[in-house]
Amino acid sequence: VQKTMTADEEREALTKRLAELKEDQIQELEMVLWDKKVELERTKMMYSKLREDSGKLLELARNEVVRLEKDKAVIEVEQRFKCVQLEKEIGRLATEISVKQMPEENEHVMKCLECPVCLDVCKPPLQVWQCPEGHIICGTCKARPELKTCPQCRMDLA
């Protein structure tokens, strides 16, 4: 036996059911909203942590670059110093070889061409300087700021 409903009862039942469905839908949407808010907070925290970590890494990288630039500068200075030392040694050895290949009569001439400061033979490519009395000094020694007088006669080199 099925009970028949009047239109008002049916409308009331449908309105009630519609309200229940709306309430269920609202609760479901609120749960989705809550989940999204939690996910947003997690994402914000993760992003904040990543920014913080990337800032630290960037600072470490900058410090490493500065350290490497300093190391590079030190190495460059050391290399220039070594090059100068090697060039001097090569020049000294070349002079020594040329002296050993010369006959002994030219040794007197070589002694006359010796710089009295560094005792190297004054020959090209070095410049050869003379004091007012005619004593010679190599260009390298003449460039020294502390050398103001001729080491042989003490005349002013200015």
Side-chain angles (χ1 to χ4, degrees), residues 19-158:
E20 289 173 358
L21 288 174
K22 266 186 173 179
E23 185 64 33
D24 288 348
Q25 206 174 26
I26 288 173
Q27 286 179 350
E28 194 175 305
L29 287 174
E30 284 177 346
M31 288 180 65
V32 169
L33 178 63
W34 175 257
D35 289 345
K36 295 295 180 183
K37 283 182 178 179
V38 168
E39 187 179 339
L40 176 64
E41 284 304 311
R42 281 190 201 135
T43 304
K44 283 181 178 179
M45 286 175 45
M46 204 163 46
Y47 177 73
S48 174
K49 178 80 170 127
L50 286 174
R51 278 185 61 125
E52 184 180 310
D53 290 350
S54 66
K56 289 176 184 176
L57 288 174
L58 185 60
E59 185 64 29
L60 287 173
R62 284 184 183 136
N63 290 341
E64 184 67 11
V65 166
V66 167
R67 186 189 65 77
L68 289 172
E69 285 175 347
K70 286 179 183 177
D71 289 352
K72 177 186 167 202
V74 167
I75 289 170
E76 286 175 348
V77 168
E78 289 173 354
Q79 290 300 318
R80 275 189 243 125
F81 179 74
K82 285 180 184 178
C83 285
V84 167
Q85 294 299 101
L86 288 172
E87 287 170 355
K88 285 182 179 179
E89 183 69 14
I90 288 170
R92 189 188 64 73
L93 290 173
T95 302
E96 193 175 313
I97 289 171
S98 64
V99 166
K100 291 193 187 253
Q101 290 174 343
M102 272 186 224
E104 286 188 23
E105 59 226 29
N106 286 342
E107 281 189 38
H108 176 68
V109 173
M110 294 301 287
K111 282 287 186 194
C112 290
L113 293 175
E114 223 176 51
C115 173
V117 179
C118 65
L119 303 177
D120 285 342
V121 176
C122 296
K123 63 177 186 177
L126 292 176
Q127 290 183 338
V128 180
W129 293 82
Q130 284 186 310
C131 77
E133 293 295 316
H135 300 117
I136 63 169
I137 301 168
C138 73
T140 306
C141 293
K142 173 72 170 105
R144 292 181 179 177
E146 66 269 12
L147 189 65
K148 294 181 182 182
T149 60
C150 173
Q152 291 178 321
C153 65
R154 301 291 178 218
M155 294 272 309
D156 191 22
L157 291 177

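Below, all heavy atoms of this structure are taken into account, side chains as well, without hydrogens, waters or symmetry copies. What you see is a predicted model; the values in this text were computed from it and never measured. We number each residue from 1, following the sequence as shown.
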Note to self: Can you tell me how far apart CD1 (Ile137) and CD (Gln127) are? Round to the nearest 0.5 Å.
What the structure shows: 12.5 Å
Margin query: What verdict does the salt bridge (charged side-chain N to carboxylate O under 4.0 Å, His left out) test give for Glu96 and Arg92, after you've listed the backbone C-alpha separation in whole Å, the side-chain angles of each residue and the deciding distance to 0.1 Å?
Written below: CA-CA 6 Å; Glu96 193 175 313; Arg92 189 188 64 73; 2.8 Å; yes
Next item on the list: Starting from the C-alpha separation in whole Å, work towards a yes-or-no answer on side chain to side chain contact (heavy atoms under 4.5 Å, CB included) for Ile136 and Cys122.
Entry: CA-CA 8 Å; Ile136 63 169; Cys122 296; 4.0 Å; yes
Next item on the list: Using side-chain contact (heavy atoms from CB on, under 4.5 Å) as the criterion, list what pairs up with Arg51, not counting sequence neighbours.
Entry: Tyr47
Check: Atom CG of Asn63 and atom CG of Leu58: how far apart are they, to the nearest 0.5 Å?
Finding: 9.5 Å
Checklist line | His135 NE2 to Cys112 SG distance, which is reported to the nearest 0.5 Å | finding: 10.5 Å
Next item on the list: Check the surroundings of atom CD in Glu28: do more than 12 heavy atoms from other residues, nucleotides or ligands lie under 6.0 Å from it?
Entry: no
Check: Would you say the side chain of Met46 lies within less than 4.5 Å of the side chain of Lys49, judging by non-hydrogen atoms?
Finding: no
Margin query: Less than 4.0 angstrom from a charged side-chain N to a carboxylate O is my criterion; do Glu52 and Lys56 meet it?
Written below: yes
Note to self: Under a 3.5 Å distance rule, please check whether Ser48 uses its side chain to pair with a backbone N or O of Lys44 as donor and acceptor.
What the structure shows: no
Next item on the list: Keeping to residues at least two apart or across chains, list the side chain to side chain donor-acceptor pair (under 3.5 Å) pairs with something in residues 138-158.
Entry: none
Checklist line | Atom pair CG (Asp24) and CG (Leu29), whose distance is rounded to the nearest 0.5 Å | finding: 11.0 Å
Notebook entry, point to check: Does Lys88 reach the side chain of Val84, with side-chain heavy atoms less than 4.5 Å apart?
Noted result: yes
Notebook entry, point to check: Roughly how far, to the nearest 0.5 Å, is CG of Leu60 from CG of Asp53?
Noted result: 10.5 Å
Next item on the list: Answer yes or no: is there a side-chain heavy-atom contact under 4.5 Å between Leu157 and Cys150?
Entry: yes
Next item on the list: Could you grab the distance from atom CD of Glu30 to atom CG of Leu33, nearest 0.5 Å is fine?
Entry: 7.5 Å
Check: With sequence neighbours left out, which residue pairs that include part of residues 60-69 fulfil the salt bridge (Lys or Arg N to Asp or Glu O under 4.0 Å) condition?
Finding: Glu64-Arg67, Arg67-Asp71
Notebook entry, point to check: Can a salt bridge be assigned to the pair Glu78 and Lys82 using a cut-off of 4.0 Å between side-chain N and carboxylate O?
Noted result: no
